[in-house]
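Worksheet: the structure to be examined is printed underneath.
Because the structure is a prediction, the values reported are computed rather than measured. Throughout, protein chains are lettered first and strands after them, A, B, ... in sequence-line order, and every chain is numbered starting at 1.
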Amino acid sequence: MLKVLYFAALREAIGVAEERVALPAPATVGALVEALRARDGKYADALAPSRRWRVAVNQDMVGLDAALKAGDEVAIFPPVTGG
Amino acid sequence: MPTIRLQTEDFDLSHECAAIRDRSRAIGAIASFVGVVRDMNDGSGVSSMTLEHYPGMTERALEKIVAEASQRWDVIDATVIHRVGTLQPQDQIVLVVVASAHRGHAFAACEFIMDYLKTDAPFWKKEATPQGTRWVEARASDDDAKQRWDSKGSAT
């Protein structure tokens with residue numbers, strides 16, 4: 001299983017801050033996002049390719065081709081706006 | 001070596017500069033940046049702003065940014081403080097202090113840290129406006145500000 005976290009506007013759109021998600025096949029960030037999109041319209045809309053969002057695995061920003069393994073912490077969030 | 005803090009309370013620039021000066025006799029220059037909450041953004045009045053962050057990753061991202069700056073320039077010490085929670089216009093929001101032997105390195109590293117913080121540190125601002133609350137959209141100009149460091153030499 002993966003621990004998946006959502007932040008800011010994405011957390012509000014999906015309606016949960018954290019959930020457990022099965023490791024997708026293949027075990028990549030891209031496959032995880034596909035699996036989440038396939039759940040329902042809320043996820044599909046929040047994670048639509050046309051929207052801007054970022055992914056971090058174990059607290060490092062990564063691309064869609066990054067590999068995943070059981071126990072990873074994956075965070076999905078909008079582009080950051082601090083400072 | 002660097003000091004990284006996330007806090008709800010305000011910070012004091014003089015105090016942070018003095019703390020850095022106390023730690024090294026090699027410092028010849030201290031550059032600092034203070035970010036302040038504005039009362040206007042994208043044409044709307046802003047009555048308050050709430051900052052969300054990703055605990056753990058935020059500190060880690062800031063440490064990486066300061067480490068990257070220290071590779072590029074001669075940084076003796078640095079402090080980054082970012083406030084979280086709800087802030088009002090005129091409140092201080094972020095502080096970057098960089099100490100070096102000479103001003104060129106301190107100025108450059110300070111600006112570099114702020115530019116990278118804007119695109120790589122997981123903070124998100126939500127503004128309260130007369131039309132309701134809204135998440136602040138990331139700006140393309142922030143990505144541009146970060147990218148120009150890729151083409152710049154690190155020597156100053």
Side-chain angles (χ1 to χ4, degrees), chain A residues 1-21 28-30 32-33 36 41-83, chain B residues 6 33-38 41-42 49-65 80-85 87 92-96 110-127 132-143 145-146:
Chain A
M1 296 294 273
L2 302 166
K3 178 174 161 186
V4 181
L5 311 175
Y6 307 99
F7 289 94
L10 208 63
R11 170 175 48 75
E12 289 185 352
I14 289 172
V16 294
E18 177 180 338
E19 60 184 337
R20 301 271 155 188
V21 178
T28 65
V29 167
L32 170 67
V33 171
L36 291 171
K42 211 170 46 180
Y43 283 90
D45 182 54
L47 298 171
S50 58
R51 290 188 184 274
R52 296 171 68 207
W53 36 265
R54 303 275 183 271
V55 180
V57 173
N58 299 327
Q59 308 192 346
D60 282 319
M61 293 238 219
V62 297
L64 289 177
D65 55 353
L68 296 173
K69 61 182 186 315
D72 279 347
E73 177 176 294
V74 181
I76 311 178
F77 45 77
V80 306
T81 56
Chain B
L6 302 181
F33 172 85
V34 176
V36 178
V37 179
R38 283 192 311 273
N41 190 30
D42 290 336
M49 158 183 298
T50 301
L51 272 131
E52 177 170 330
H53 74 292
Y54 179 176
M57 178 173 169
T58 310
E59 294 88 336
R60 183 180 161 88
L62 293 172
E63 281 164 13
K64 278 167 67 176
I65 293 166
V80 179
I81 301 176
H82 204 298
R83 294 179 70 190
V84 294
L87 300 173
Q92 305 190 106
I93 178 167
V94 60
L95 171 70
V96 177
C110 185
E111 191 173 16
F112 174 95
I113 290 169
M114 262 319 294
D115 284 346
Y116 272 64
L117 182 154
K118 282 280 192 182
T119 58
D120 290 12
F123 293 100
W124 301 273
K125 288 174 183 154
K126 193 178 202 179
E127 295 172 337
T133 60
R134 63 178 187 193
W135 290 99
V136 173
E137 295 281 329
R139 295 173 196 273
S141 59
D142 288 335
D143 288 328
K146 178 190 170 187

Heavy-atom check, side chain of A:E12 versus side chain of B:K126, under 4.5 Å: yes

Pairwise side-chain contact, B:R60 with A:D60, heavy-atom cut-off 4.5 Å (strictly under): yes

For [Y], is there any backbone N or O sitting under 3.5 Å from a side-chain donor or acceptor partner on [X]?
| X | Y | value |
| --- | --- | --- |
| A:T81 | B:K125 | yes |
| B:H82 | A:G82 | no |
| B:W124 | A:F7 | no |

Separation between CG of B:D120 and CZ of A:R54, rounded to the nearest 0.5 Å: 9.5 Å

Contact summary for B:L117 and A:V80, nearest pair of heavy atoms: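 The answer is O-CG2, 4.5 Å.
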
Closest approach of A:A56 to B:M57 (non-hydrogen atoms, all atoms of both residues):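 So the two residues come closest at CB-SD, 3.6 Å.
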
Largest heavy-atom contact set with chain A, pairs under 4.5 Å, which of B:R134, B:R139, B:K118: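 So the answer, after comparing B:R134, B:R139, B:K118, is B:K118.
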
Test: B:E52 and A:R11 ion pair at under 4.0 Å: yes

Partner chain B: residue of A:G83, A:A75, A:P78 with the largest heavy-atom pair count (under 4.5 Å):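 Ranked by heavy-atom pairs under 4.5 Å with chain B, first place is A:G83.
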
Heavy-atom neighbours of B:E137 CD exceed 12 at 6.0 Å: no

Which portion of B:D143 sits near chain A, non-hydrogen atoms under 4.5 angstrom: side chain

